[in-house]
Amino acid sequence: RQKRQKTTVKICLCVPTLSPRGVLKVEELPFVAILLRSFIESVRTDAREFAFFVYAGYDEGDPVLDVPSPVTWDAIHSMAFNTSVTVHPFKFPRQAGGIAWIWNALMSA
């Protein structure tokens with residue numbers, strides 16, 4: 001008999017995000033403090049049959065997400081360390097249409 005190989009199911013979430021006015025710290029961003037934290041806590045760490053990818057889209061020039069230092073994205077990646085969640089940042093040029101434009105661009109990423 002031939003053994004069936006286990007396959008990993010890949011699931012991608014596309015999330016357009018921005019830094020609200022007055023928010024200057026990565027840990028205060030709603031994307032990080034609410035959505036990502038809750039999602040990571042909801043995913044069982046032993047559920048390796050699933051791989052979750054979060055495509056996070058943001059505007060070029062965003063005061064918290066688009067900074068020259070890797071500190072912001074390092075902090076976000078450290079939240080998902082040793083889980084089945086991987087976060088991929090996608091920077092987009094500012095466009096008329098804002099979040100809706102980013103949403104559509106993420107869907108084609």
Check: P70 and H77 side chains under 4.5 Å, non-hydrogen atoms: no
For V87, run the side chain to side chain contact (heavy atoms under 4.5 Å, CB included) check against V32, L13, V15, L36 and tell me which one passes. L36
Please determine whether side-chain contact (heavy atoms from CB on, under 4.5 Å) holds for the pair V54 and T86, giving the CA-CA distance in whole Å, both sets of side-chain angles, and the decisive distance to 0.1 Å. CA-CA 6 Å; V54 178; T86 303; over 6 Å; no
Rounded to the nearest 0.5 Å, what's the gap from OH on Y58 to CG on L106? Could you check? 11.0 Å
Rounding to 0.5 Å, atoms SG (C12) and OH (Y55) come to a distance of 4.5 Å
Under a 3.5 Å distance rule, please check whether D62 uses its side chain to pair with a backbone N or O of L18 as donor and acceptor. no
F31 and W73 aromatic ring geometry - parallel, tilted or perpendicular at 30°/60° bounds: tilted
Heavy-atom side-chain contact between F53 and H88 under 4.5 Å: yes
OG1/T7 to CZ/F50 distance, rounded to the nearest 0.5 angstrom? 9.5 Å
CH2 on W101 to CG on D59, rounded to 0.5 Å: 8.5 Å
Rounded to the nearest 0.5 Å, what separation is found between the CD atom of E27 and the OG1 atom of T72? 9.0 Å
Gap between atom CG of L35 and atom CG of L29 - 0.5 Å precision: 11.5 Å
